[in-house]
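Counting starts at 1 for both ligands and their atoms, following the listed order.
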Amino acid sequence: MRRGRFAPTPSGPLHLGHVRTALLAWLQMRKSGGTFILRMEDLDQSRSRPAYAKQILEDLRWLGLDWDEGPDVGGPHAPYAQSERLADYGRALNELERHGALYPCFCSRADLATLASAPHGLTSAGPVYTGACRRLSASERAARSLAKQPALRFAWPAGRSVAFFDDALGAQRFAEGCGGDFVVRRADGVVAYQLAVVVDDIAMGVTDVLRASDLLDSTPRQILLYEALGRCIPRFAHIPLVLGGNGARLAKRHGAAAVAQLRAAGVAPQRIIGWLAWKSRLIDRDEPVEPRELVDCFDLSRVPRTPLAAGPLTPANL
Ligand code: GLU
């Protein structure tokens, strides 16, 4: 049985980009008779707000989406909020450390800026880390630990490139060491997204990861983590981004595309779903629909591989 999920970070309101991802992930599971999970990625407490988490769930329900497992409905893999799953991340870090897959990194932000001037890293994570701390001896590590709490990095295996088939974008290949050794726990103790998402997807039995394409280049890192933890790798599908009116990536600050704002302006939920379904080529005309009316016509191969401009649905254009 397939298991998919939508995993928002409650650091801002739900916008049209999130809705498209949630809708397609929901349709993928509803069409295949799978289970749809809602997971709240509130790991970074400095950015997450409970009010946003509440609003995201409300907005999704208002749009006509539902979930079989989630923070408010529970389920066999509860809790469904990352802030309550820290013990799992700690266990995974211990396991990776036991296998020798991690090393402490004492570099400061300033060090990283000078060490890694070549911007050839993964776009989601900045320049490649040169591996300066990977080469420290045990005694150097011990000495530096006295002065500074280190971050933990995953050591990208030498000579390793990562290839996978993306259900939306086709064959993908990432060159050897493309992003360098990446952080799995920050120096302030906060577990990195890359680790938490893999640990949760394993624990929740996720078979299908459908998410926005800005996370495409996180996938090789996550595949290496699955391998290091000895677990099965799910299928991945990365959906092109929804862009704001200025052609830039929709961000939390583009309030115009926030569902709450469209709702307040009197836009019906079926209109939002219909517009996104039309732009995703699931229906032929821009007409109001309920998510459940789209289940039969859902086909990931129809979704364009190019970004989608969100202009026409802003309240100003109604
Ligand atoms: N929490 C991430 C976000 O809101 C999504 C993580 C994922 O789907 O893997 O961008």
- Task: Name all pairs fulfilling the ring-ring contact (aromatic ring centres under 6.0 Å, His included) condition that reach into residues 42-62, sequence neighbours left out, sorted by first residue then second.
- Result: none
- Flag Ala7 as yes when one of its N or O atoms lies below 3.5 Å from any N or O atom of ligand 1, and as no otherwise. yes
- Task: Just jot down the ligand 1 atoms closer than 4.0 angstrom to any heavy atom of Val197, in number order.
- Result: 9 (O)
- Under a 4.0 Å heavy-atom limit, does Thr9 contact ligand 1 with its side chain, its backbone, both, or neither? both
- Message: Tell me the contacting part of Asp214 for ligand 1: side chain, backbone, both, or neither, using a 4.0 Å heavy-atom threshold, strictly below.
- Response: neither
- Query: ligand 1 versus Arg5, non-hydrogen atoms closer than 4.0 Å: side chain, backbone, both, neither?
  - Reply: side chain
- Item | Donor-acceptor under 3.5 Å (Trp26 side chain, Asp66 main chain) | yes
- Is atom NZ of Lys54 surrounded by more than 12 heavy atoms (other residues, nucleotides or ligands) closer than 6.0 Å? no
- For Phe298, is the NZ or CZ atom of Arg30 found under 6.0 angstrom from the centre of its six-membered ring and inside 45 degrees of the ring axis? no
- Task: Check whether Val183 and Val190 end up in the same hydrophobic cluster, where Ile, Leu, Val, Met, Phe, Trp and Tyr are linked by side-chain heavy atoms less than 4.5 Å apart.
- Result: no
- Selected option - heavy-atom contact closest to atom 6 (C) of ligand 1, from Arg211, Glu41, His18: Glu41
- May I ask you to list the atoms of ligand 1 that are less than 4.0 angstrom from any heavy atom of Leu215? 5 (C), 6 (C), 7 (C)
- Query: When you look at CG of Asp68, are more than 12 heavy atoms from neighbouring residues, nucleotides or ligands closer to it than 6.0 Å?
  - Reply: yes
- Message: Below 4.0 Å, non-hydrogen atoms only: which portion of Phe6 touches ligand 1? Side chain, backbone, both or neither.
- Response: neither
- Message: Once salt bridge (charged side-chain N to carboxylate O under 4.0 Å, His left out) is applied, do any residues pair with Arg285, and if so which ones, sequence neighbours excluded?
- Response: Glu287
- Task: Just jot down the ligand 1 atoms closer than 4.0 angstrom to any heavy atom of Tyr193, in number order.
- Result: 6 (C), 7 (C), 9 (O)
